[in-house]
Every structure is written in structure tokens, then in C-alpha cells.
Amino acid sequence: MALGTAYRLGEQRIGYFQDGYTVNSGQPELTRALWKFLADHASHPLRVLLPDTPGYDGLDQFREIGGDERGDVSFAEYLDGWPG
């Protein structure tokens with residue numbers, strides 16, 4: 001799931017992510033998809049990868065939730081039937 005641009009508060013701390021013109025917390029469908037993703041993967045190790053993080057360049061091989069490329073899963077499809 002792409003979280004968009006990481007905006008830093010100070011030199012190191014990331015304050016929020018923004019995908020498009022609205023901060024992610026202001027995008028209900030994206031927020032719901034993130035919570036579903038966390039629920040689906042609650043027992044799995046998860047990492048947030050930034051462009052300068054090792055492994056980031058290999059993300060192109062994965063399907064994206066909310067992406068618009070062939071093979072990606074729309075938010076509506078991913079959230080279909082989820083009660084959360």
C-alpha cells in the first residue's frame with residue numbers, strides 16, 4: 001500500500017504521510033484500507049519503506065492496494081465486505 005510522501009517534522013521524525021493533495025488522515029477510504037491491511041497482517045512483520053530504504057526499489061513486483069496500474073486492487077474491491 002503506497003502511503004505517499006513522508007513529511008518530516010524536524011530532521012528525523014516523520015510527522016505524516018500524504019498521497020495527493022490531502023493528508024492521508026483526511027482520506028477515509030485510504031484510512032479504512034490501512035486498518036484492514038493491519039488487521040489482515042496483524043501477526044506478520046511489517047516495514048514502512050521510504051525511497052532511501054533498502055528494499056524500496058523491489059516494490060514494483062507487488063500489487064498495490066488503491067493503485068491504478070493493471071493488476072492493482074482498488075480500495076473499493078479491497079474493502080468489499082469488510083465490517084471494520
Side-chain angles (χ1 to χ4, degrees):
M1 176 180 303
L3 298 177
T5 303
Y7 286 89
R8 297 186 184 277
L9 301 177
E11 288 190 30
Q12 295 298 321
R13 182 172 171 256
I14 295 174
Y16 63 96
F17 290 89
Q18 183 169 327
D19 187 24
Y21 296 104
T22 305
V23 296
N24 289 358
S25 59
Q27 299 183 51
E29 201 170 44
L30 173 66
T31 300
R32 288 189 69 225
L34 178 57
W35 280 108
K36 180 182 185 306
F37 183 86
L38 292 173
D40 288 346
H41 299 281
S43 63
H44 303 143
L46 300 173
R47 293 180 20 201
V48 175
L49 299 177
L50 301 173
D52 57 347
T53 305
Y56 180 85
D57 292 334
L59 293 176
D60 290 340
Q61 67 183 348
F62 295 100
R63 295 173 62 188
E64 183 177 334
I65 299 166
D68 56 5
E69 299 290 326
R70 172 177 264 148
D72 289 346
V73 179
S74 70
F75 286 131
E77 182 181 357
Y78 185 68
L79 294 169
D80 186 44
W82 187 62

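Owing to the predicted nature of the structure, the values given are computational and were not obtained by experimental measurement.
Within 6.0 Å of CZ in R47 there are 12 or fewer heavy atoms belonging to other residues, nucleotides or ligands.
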Exercise. Verify side chain to side chain contact (heavy atoms under 4.5 Å, CB included) between W35 and L79, making sure each step is shown before the conclusion.
Key: CA-CA 10 Å; W35 280 108; L79 294 169; over 6 Å; no

Mind listing the side-chain donor-acceptor pairs of residues 64-71 below 3.5 Å, one per line with the distance, residues two or more places apart or on another chain?
none

Under 3.5 Å, which donor-acceptor pairs do the side chains of residues 37-44 form with other protein atoms, sequence neighbours left out?
unit_1	atom_1	unit_2	atom_2	d
D40	OD2	K36	NZ	2.7
D40	OD2	Y78	OH	3.0
H41	ND1	H44	ND1	2.9

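Looking at residues two or more places apart in sequence or on another chain, you find a ring-ring contact (aromatic ring centres under 6.0 Å, His included) between Y7 and Y16.
A continuous path of ILVMFWY side-chain contacts below 4.5 Å connects L34 to L46, so both sit in one hydrophobic cluster.
The shortest heavy-atom contact between V73 and R63 is CG2-NH2, 2.8 Å. When every heavy atom of Y56 is checked against every heavy atom of L49, the shortest pair comes out as CD1-O, 3.6 Å.
In this structure a side-chain-to-backbone donor-acceptor pair under 3.5 Å is missing from D19 to N24. Using modelled atom types, no side-chain atom of E11 and backbone atom of R13 make a donor-acceptor pair closer than 3.5 Å.
Distance check: F17 CZ to M1 CE gives 12.5 Å after rounding to the nearest 0.5 Å. One distance of note links CG of D80 with OG of S74; it measures 9.0 Å at 0.5 Å rounding. For the atom pair I14 CD1 and L9 CG, the distance stands at 9.5 Å (nearest 0.5 Å).
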